[in-house]
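What follows is a short report on a single structure.
Worth knowing before you read on, the calculation uses all heavy atoms, side chains too, and leaves out hydrogens, waters and symmetry mates.
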Amino acid sequence: MLTLLLIFWPLLATLVFFAIKPHEAKKWALAASLIELAISLVLVILFDTEDSTQFVINHPWIESLGIGFYIGIDGISLLLVLLTTVLTPLIILSSFKQQYENAPSFYGLVLFMEMALLGVFCALDGFLFYIFWEMALIPIYFICLRWGGVNRGPVTLKFFIYTLAGSLVMLIGLIYLYFQTPGDHTFNIQALYAAGQNLTVYEQGIIFWALFIAFAVKMPVFPFHTWQPDTYHTAPTAGTMLLSGIMLKMGIYGVIRWLIPVVPDGVESWGTTALTLSVIGIVYASFLAIIQKDLKRLVAYSSIAHVGLIAAGIFTLNRIGLQGAMIQMVSHGIVIVGLFYIIDIIIARTATQEIANLGGIRSSAPIFNSVFIIILLGSVALPLTSGFVGEFLLINAVFQYNFVSGAFAALTMIFGAVYMLRSFQMTMLGESNAATKSFLDIDRQEKWVLYPIVIMILLIGIYPAPLLKVSEVAVDDLLSIISNYHAGIRN
Amino acid sequence: MNSVFVLSGLGIFSLLAEIFNIKRFLFPVVILGLVASAVLLVFDWNEGTAHYSNMLTFDNYAVAFSITLSLIAMLWFLMSKDYFENNTHITDHFALILFSLVGAVFMVSYSNLAMLFLGIEVLSVSLYILAGSNFKNIFSNEASFKYFLMGSFATGFLLFGIALIYGVTASFDLQVIASEIAAGTGDRTSWLYMGILMLIVGLAFKISAVPFHFWAPDVYEGSPTVVTAFMSTIVKIAAFAGFYRLFSTCFTTVYNQWVDVVQVIAILTLLVSNITAVYQHSVKRMLAYSSVAHAGYLLISLVGMNNISASAILYYVIAYAVASITAFTVLHNVESEDENAVVDSFNGLARRNPYLAFCMGISLLSLAGIPPLAGFFAKYYIFTVAFQSGFIGLVLIAVVTSLIGIYYYFRIIIAMYLKSTEKGEIIQVPLRHTIILAISVLLSVLFGVFPDLLVGLI
Amino acid sequence: MNDSVNQVVQGVPLNYYIWLSSALFVIGVLGVLYRRNAIVIFMCIELMLNAVNLLMVAFSGYHGDGAGQVFVFFIMAVAAAEVAVGLAILIIIYHNTRSTDINVLNKLKW
Amino acid sequence: MELIVSLIPLAPLSGFLLIALLNKKLRQWLVALMACSSVLFSFFLSVALFFSLGEDQQAFTFTGFDWITAGNFSVSFSLLVDPLSILMMLIITGVGFLIHVYSAGYMHGDEGYNRFFAYLNLFIFFMLILVMGSNYLLMFVGWEGVGLCSYLLIGFWFKNTEYNNAAKKAFIMNRIGDLGLILGVIMIFIHFGTLSYQEVFAKAPELMSGSETITIITILLFIGAIGKSAQIPLYTWLPDAMAGPTPVSALIHAATMVTAGIYMIARNNILYSLSPFTLDLIIVIGLATALVAATIAVAQNDIKKVLAYSTVSQLGLMFLALGLGAYTSGVFHMTTHAFFKALLFLGAGSVIHGMGGEQDIRNMGGLRKYLPITFATFLIGTLAISGIPPFAGFFSKDEILATAFAENKIVWALAFFASLLTAFYMFRLFFLTFSGTTRGKQEAGHHIHESPGTMTTPLIILAVLSAIGGFIGVPELLGGSHALNNFLAPVFEQSRALATPHLLSHTMELILIAVVVALTLVVIFLAYLLYVRSKKVPTPEGVTLNTFHRLIYNKYYVDETYEKIILKPLNFLYKALDALVERLLIDRAVNGAGKAVTWGGKTLRFVQTGNTGFYIFAMVISIIILLVVKTFV
Amino acid sequence: MTLYVFYFLSFLAVLSALMVVFSRNPIYSVLYLVITFFCVGGHYLILSAEFLFAVHVIVYAGAIMVLFLYVIMLLNLNKETEPQKKSAYKFAAIISGGLLMLVMVAALKGAETARLNFGAHEEIGLVKNLGKMLFNEFLLPFEIVSLLLLAAMVGAVMLGKTPLKETQDATRTNSKSAEQNALNIKNVKQFTNE
């Protein structure tokens with residue numbers, strides 16, 4: 001029941017927006033998202049870290065087609081649910097400065113998005129998963145289309161069609177699996193696992209790609225990323241945060257929950273390829289990030305690099321790698337939201353996002369500077385920040401998987417430092433210029449966004465054990481599924 | 001069955017209304033009558049009785065589609081009332097619409113080729129005139145002329161096909177034909193195949209499938225918007241339901257003979273219509289291509305004919321019709337400002353009238369097949385049908401084309417939500433339309449979220 | 001068919017009728033393609049319908065079943081109705097365009 | 001006990017947190033007080049720890065909490081107390097405290113005063129974590145942390161782009177090293193299944209000596225050391241790092257951080273003893289660095305740059321020692337070096353302070369009468385570094401040379417040459433600075449003044465230490481009982497068991513000492529002749545120099561070379577990727593699809609000609625095709 | 001003997017059908033079409049569908065053709081006003097027509113032995129039998145036809161009585177009355193059937 005409330009509370013909350021005055025919308029949205037956060041915290045309290053899937057609801061939905069409303073939460077889901085519910089209030093709060101025209105629909109869309117994302121993370125029925133997956137796309141599309149920046153029409157359309165193309169391929173894959181299920185077919189996740197594992201290696205390879213492309217586009221992994229920098233660039237900051245902070249986790253989550261257990265042999269035969277792509281993406285994206293002239297684009301590419309590392313870590317199918325991926329997902333979400341908010345503040349204050357036109361902000365905004373540094377350190381994975389824990393585990397796993405890939409993946413340490421420090425120096429340090437001379441330090445409302453982020457970054461960096469504990473059982477289950485499968489094959 | 005009498009009666013009544021000069025009661029009576037016919041149909045549920053020496057059979061298939069037709073027609077009337085009000089021929093129009101509706105009901109419930117033929121003709125003859133009902137407008141004339149000319153040409157093929165089938169089986173009764181064919185047709189087999197091909201041609205024309213679709217874009221564009229709406233909903237449903245009814249009843253035993261032909265037609269329809277629609281300026285024309293495209297999706301379910309395809313078709317046509325009604329209602333309102341609306345006429349609609357824009361957005365999303373709207377599940381259902389029968393390649397093509405579809409549907413969304421316009425004033429929407437839009441949008445969402453309401457009915 | 005066997009000599013092969021009506025049908029189609037005058041095209045469509053009628057009657061004779069001939073009634077009625085409507089439309093168009101040339105009616109395109 | 005151990009790093013941390021959080025509200029003197037006292041506090045604790053360690057010198061671990069646990073990977077936040085770490089703690093906190101005190105005066109009136117002390121405390125904290133951590137990952141934490149602090153402090157005056165670039169360079173070059181280190185750590189985990197020192201060292205001997213694994217591991221770790229301790233090829237950041245305030249140079253870039261590499265290798269002595277190849281590599285690199293840096297130092301005119309290069313060169317010597325397997329000597333030299341190099345830097349700082357920011361020795365001279373205390377202390381430091389008995393540097397350096405001689409004569413010769421160069425450029429520096437008459441602008445002469453007490457006291461204390469500091473390691477030969485050696489014995493016993501050091505006869509050692517000292521004195525005299533007698537002054541900018549001189553004056557053009565062979569190609573690569581792959585390949589492919597569809601739409605719509613005749617024609621044709629296909633195919 | 005009749009009628013029908021297509025003057029086309037219809041009617045006779053023959057002649061030759069003639073004369077179309085397609089089109093039309101013919105004949109092969117034995121089923125063509133069938137089995141379609149005709153009439157009337165722009169009244173009334181007549185005739189026919 002609680003899961004149901006968790007998923008659909010934001011939707012209920014959106015009803016409020018038909019009633020209220022536009023200028024009150026933001027407060028209501030914030031309140032709603034905080035309540036959501038409270039709900040998720042209740043979940044966390046009730047969650048039993050020793051048990052696998054909990055808070056299960058399995059109710060027939062489209063019986064004649066074997067589609068059920070089947071949701072539940074295990075450690076992996078819980079972490080992402082928590083990430084979503086924590087970040088959404090921050091994102092909403094971060095948009096308080098913006099005077100969006102037609103604010104109610106804006107915040108309504110944000111909450112709708114939250115609903116869809118939570119649904120994705122909780123769904124245990126293939127069809128349901130797909131529905132939520134697509135539903136997440138609509139609000140973000142409209143957010144970008146309606147409140148985005150220059151040239152948003154074509155950019156957002158490209159984003160929409162491109163991602164949808166990926167997910168339609170996934171849909172075909174799912175339907176294929178659906179028809180492999182015995183008896184009158186069903187989309188139940190366990191049934192799909194069984195169906196996928198019964199396929200021949202060749203079929204599994206095909207299914208692997210059908211599903212993987214959808215996730216790869218969403219993340220995005222190296223050759224599928226072309227939509228992302230433009231979209232991040234044109235989207236309004238709140239939209240960018242939603243996209244980068246939470247939405248791309250959908251892709252990673254998909255790989256963990258809907259790809260690896262479904263086609264173990266597919267992963268066996270193609271995982272290395274995917275891993276290589278991800279590693280290439282790390283280096284490639286870092287390189288491109290170094291020469292970006294625009295702050296948002298720079299962060300966009302950096303995000304590709306980080307996500308590449310996460311993906312690579314997952315495909316090692318190594319307990320360390322998966323745990324690292326989980327913690328890194330959380331960390332990446334927090335850090336990148338922080339970075340984008342920093343950028344948003346800079347843009348709002350100086351009306352420019354060209355790195356070249358900035359500089360010398362530090363001298364007039366010390367607190368802002370310190371916050372920026374900490375978030376930046378989180379991004380370059382300095383020890384005792386959240387970034388380090390995940391990145392170390394991931395590099396460790398990839399290194400175990402393959403020496404060379406590991407070495408290349410680890411390059412992110414260096415290049416990450418290069419582009420991050422470069423951007424930091426060019427924006428914050430040096431003599432202040434016309435644009436940045438009268439740069440006000442952050443005010444209370446901005447502190448309310450940034451301080452929690454900073455605290456979370458440090459906290460997770462210093463004491464990540466609880467988070468790791470949460471996802472432990474789920475990860476073990478996942479790996480045991482695979483090992484059982486291979487054991488079964490051998491016998 | 002009784003609903004047929006009700007509908008015909010309504011037609012006659014509207015003619016008499018002219019004479020006895022009770023026009024003002026006409027509209028409410030018609031609405032009530034349509035509701036009544038829907039209700040009466042409900043009583044036929046699970047009866048499956050054959051009427052008039054097995055001319056009509058109101059099995060569940062027929063009932064479901066007839067109810068759909070009646071209700072859609074009701075929405076249509078609500079939508080297009082104002083168009084007829086400023087028109088001297090209101091009664092005639094009503095009569096023709098109702099007659100064609102009767103024809104449509106026959107097309108979904110016939111169990112004898114004669115009834116199919118007459119149903120088509122009743123439907124068409126009325127529509128030839130309605131298409132041209134805007135006499136002054138040369139485009140309207142042209143539309144009706146093209147429709148008539150090509151329509152009767154296609155009828156020729158249809159009849160030739162019927163004749164050949166008759167020659168093979170010595171009967172027009174579907175059951176007899178089916179059993180005859182099942183029993184084997186000996187040395188007359190070549191006639192049978194020829195006849196099936198001719199029937200495919202004639203019916204493909206009616207559902208405007210490529211390469212027999214040429215009339216559709218021109219006629220849709222030229223006809224008055226409300227008539228276009230009627231064509232793209234009622235006619236489409238009836239024609240396809242008839243098509244499917246014929247082939248699923250009679251020609252299942254020779255499935256392999258015609259399936260590849262239909263498959264080719266389906267593929268052509270999907271590709272050509274979707275791609276051509278991308279670069280249309282006139283919204284009506286674009287919707288015309290989109291309706292052609294939807295015919296293509298429906299054909300997929302005909303190709304992969306199996307136990308669930310009927311209900312897939314039912315679901316699809318309902319989802320499609322509801323969305324189309326929404327779209328045409330909005331279009332109708334937009335046109336009240338500038339005739340022959342192009343995509344740019346929608347610029348800034350989100351600011352000028354958010355409600356219209358919202359409804360249009362929903363309907364377009366539904367047409368494009370985005371979850372959780374009905375359009376998505378309809379497509380999904382069709383895909384499953386094809387999958388079950390193993391037409392995966394066809395599904396892939398359909399997926400690609402539906403992506404292309406998004407491209408042109410979203411042109412309007414972008415226009416509404418992104419483009420700015422100098423026209424500041426809010427469009428006035430009559431209450432009737434507000435209600436229709438509300439209903440149809442709700443239906444789109446409802447059926448999308450709870451497909452079980454329709455799935456597995458038949 | 002027994003009695004048909006002993007009367008074989010004086011019967012006409014059914015194929016002849018099929019060919020004949022096909023011929024007429026095709027000629028109708030040909031006319032539709034060949035001419036530009038709308039009225040003549042209507043006539044050619046009537047020709048096509050007649051071909052169908054002939055085929056129907058032939059078959060009904062062959063099967064010794066009246067349904068075919070009944071069907072022909074319907075076809076005739078429909079043909080008449082169509083012609084009436086069609087010509088009415090044509091006249092409207094003639095009044096608007098002063099022509100019955102189908103090539104004049106190409107405003108709706110692309 | 002736990003309390004003490006945990007408090008040692010926590011004290012500076014709390015200092016940092018207090019200063020950082022209350023930044024605005026605190027007065028400068030209060031900040032200075034808090035910072036210094038926190039470090040002093042942990043110094044006392046370290047001393048206490050030193051004595052409490054007792055005779056048996058049992059290593060002792062304090063386990064905090066589990067830090068990262070994932071699958072079979074588990075690292076806890078635990079601190080290790082053994083002689084080596086205690087020694088390091090003492091150095092860090094002790095020297096660190098003195099430099100804190102010094103900074104209180106030096107940084108006086110700087111707008112970033114509070115910030116400065118916050119960073120210093122943070123640095124002390126990370127440095128302590130580095131040396132106290134009981135596992136590799138914790139060491140890595142400190143390792144990166146000090147890197148961060150050095151970044152922050154080098155770029156302390158953030159308005160100056162030069163400094164910022166220097167800071168960035170330092171951080172990134174360190175990161176390159178860190179990459180090696182972390183990979184090494186991961187390999188250790190892969191092969192030992194744990195990251196805690198004791199367990200690794202316990203398992204280490206199982207590995208065959210010189211096996212591939214151990215070699216790779218040690219090399220990777222050594223790469224980390226190269227980065228952090230500024231060895232060839234990653235040393236160029238250290239001279240640039242002089243951009244930071246002088247106390248920073250003294251603390252981070254002379255006394256403590258740069259010696260982290262030494263500590264790390266000493267800590268892993270067992271692993272290194274197991275891989276001879278790596279040891280040879282260390283010897284080569286150490287020696288090369290020592291020579292190169294020394295030669296460069298000879299021709300530098302910036303007082304701090306000279307000291308920087310000398311630091312690099314000294315570090316080279318230490319690595320040489322480690323490479324020779326004489327871990328104690330390396331650590332010993334590190335200790336003494338910490339004293340006298342800190343002293344020298346602080347002296348330089350006081351000079352700069354007195355000269356009002358002037359750093360070019362060509363504009364100095366004759367400062368002894370203005371800055372007597374600085375003069376005296378600086379002299380001691382110079383003697384110490386040149387290895388004149390009985391000053392600290394003598395003992396440590398001699399030990400290294402002796403070992404080198406025992407191992408390999410050529411190595412010894414080169415190392416000896418390097419130390420001679422050291423003596424030469426140090427005294428060059430000394431004479432140019434203090435003797436003779438004041439060069440440079442006249443009005444500069446008036447307000448040259450001795451530094452305040454806060455700065456001179458640390459100088460004096462350090463001078464004393466550099467004078468007597470060597471006595472912790474007096475070899476038996478000179479009637480001492482190498483205290484340090486015994487003290488550190490437990491740490492190195494494993495490796496000592498492996499490597500049997502060649503021992504020299506006492507006479508041989510004595511001869512060596514004599515030769516070394518004598519030649520050193522000669523070199524000093526040479527410097528005297530050059531720069532005091534015939535008041536030679538380095539040529540000012542712009543004057544063409546002879547080839548070799550130009551070469552060393554321009555530091556062998558190393559930076560320029562890096563620029564050419566690494567940075568330029570990389571930049572080209574970025575641009576190429578952006579232009580070719582991103583724009584041309586990927587974007588083009590995706591947008592191309594869309595364009596194709598649009599084109600199709602544009603074209604196909606012309607099929608709809610609007611001509612009924614054509615439509616019917618098309619229908620008939622397609623019917624014909626249908627029939628043909630159905631009937632004949 | 002009937003075979004020769006068949007040949008004769010078929011030849012004439014095809015010939016006149018072709019003339020319908022190829023004769024330039026619409027009037028001629030109509031007249032040739034009438035001939036064709038009569039030939040078809042002749043076929044009805046030899047197929048012993050006498051009643052159908054009668055209806056055929058009356059409806060087609062009587063009503064529809066008259067209607068055509070009315071319209072043609074009303075719009076006074078003739079050879080001069082007759083639009084001609086480009087010869088290329090014509091050629092293509094002939095080619096495709098020929099192709100269609102070929103394909104259909106080829107596709108409709110089979111049942112060579114099947115022969116129409118005249119006189120076997122004379123009785124089914126009689127009014128009595130057809131009437132029975134029409135009012136028992138095909139009652140509903142029959143009624144629907146009336147609905148159809150009603151729709152057509154309404155439509156035609158609606159189109160006819162629309163106020164037109166610059167045309168002279170005479171033509172309009174004429175055309176209208178023409179349609180009226182046509183419709184009346186057909187209605188009469190249908191009622192006579194009952």
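C:F73 pairs in a ring-ring contact (aromatic ring centres under 6.0 Å, His included) with only one of the listed residues (E:F135, E:F51, E:F142), which is E:F51. Paired with E:H43 under the rule side-chain contact (heavy atoms from CB on, under 4.5 Å), one option of C:V57, C:L20, C:N50 passes, and it is C:L20.
Taking OG from E:S10 and OH from C:Y17, the interatomic distance works out to 6.5 Å, rounded to the nearest 0.5 Å. Rounded to the nearest 0.5 Å, atoms CD1 (C:I92) and CE (E:M158) are 9.0 Å apart. To the nearest 0.5 angstrom, C:E82 atom CD is 10.0 Å from E:I64 atom CD1. C:I39 CD1 to E:I72 CD1: the interatomic distance, rounded to the nearest 0.5 Å, is 5.0 Å. Atoms CG and CD, on E:L134 and C:Q69 in that order, are 11.5 Å from each other to the nearest 0.5 Å. To the nearest 0.5 Å, atoms CZ (C:R36) and NZ (E:K86) are separated by 7.5 Å.
Within the 4.5 angstrom heavy-atom criterion, atoms from both the backbone and the side chain of C:A67 approach chain E. Interface residue E:M104: only side-chain heavy atoms are found under 4.5 Å from chain C. Of the atoms belonging to E:L108, heavy atoms from both backbone and side chain fall under 4.5 Å from chain C. There is no contact between C:V104 and chain E, counting heavy-atom distances below 4.5 Å. When heavy atoms are compared at a cutoff of 4.5 Å, E:I144 does not approach chain C at all. Interface remark: C:S99 contributes no atoms to any contact with chain E (heavy atom separation under 4.5 Å). Contact annotation for C:I41: neither backbone nor side-chain heavy atoms come within less than 4.5 Å of a heavy atom of chain E. Both the backbone and the side chain of E:F138 come within contact range of chain C, each with at least one heavy atom under 4.5 Å from a heavy atom of that chain. Proximity to chain E involves both the backbone and the side chain of C:I27, based on heavy atoms less than 4.5 angstrom apart. Both the backbone and the side chain of E:S29 have a heavy atom closer than 4.5 Å to some heavy atom of chain C. Contacts of C:F25 with chain E are made by side-chain atoms alone, with heavy-atom separations under 4.5 Å and no backbone atom involved.
When all heavy atoms of C:W19 and E:M101 are compared, the closest pair comes out as O-CE, 4.0 Å. Listed here is the closest heavy atom pair of C:A88 and E:A156: CB-CA, 4.2 Å. In this structure, E:L149 and C:A77 approach most closely via the heavy-atom pair CD2-O, 4.0 Å. Taking every heavy atom of both residues into account, E:A17 and C:L47 meet most closely at CB-CD2, 3.8 Å. Among all heavy-atom pairs drawn from C:N37 and E:P26, the shortest one is ND2-CG, 3.8 Å. When every heavy atom of E:I124 is checked against every heavy atom of C:G64, the shortest pair comes out as CD1-C, 4.0 Å.
Counting only heavy atoms from C-beta outward, the side chains of C:L33 and E:I94 never approach each other to under 4.5 Å. Under the 4.5 Å side-chain criterion, counting only non-hydrogen atoms from C-beta, E:F68 is in contact with C:V83. Between E:Y44 and C:L54 the shortest side-chain heavy-atom distance falls below 4.5 Å.
Taking chain E as the reference chain and counting heavy-atom pairs below 4.5 Å, the highest number among C:D65, C:I18, C:L30 is found for C:L30. Heavy-atom pairs under 4.5 Å with chain C were tallied for E:P141, E:G97, E:A92; the largest tally goes to E:P141. Chosen from E:L33, E:L75, E:V40, the residue pairing most often with chain C at heavy-atom distances under 4.5 Å is E:L75.
For E:F22, the ring pair (Phe, Tyr, Trp, His ring centres under 6.0 Å) partners are C:Y34, not counting sequence neighbours. Applying the side-chain hydrogen bond (donor to acceptor under 3.5 Å, both in side chains) criterion to E:N129, with sequence neighbours excluded, gives no partner residue.
Atom OH of E:Y32 has 12 or fewer neighbouring heavy atoms from other residues, nucleotides or ligands inside a 6.0 Å radius.
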key: side-chain contact (heavy atoms from CB on, under 4.5 Å) assessment of E:V145 paired with C:V78   = CA-CA 7 Å; E:V145 168; C:V78 167; 5.7 Å; no
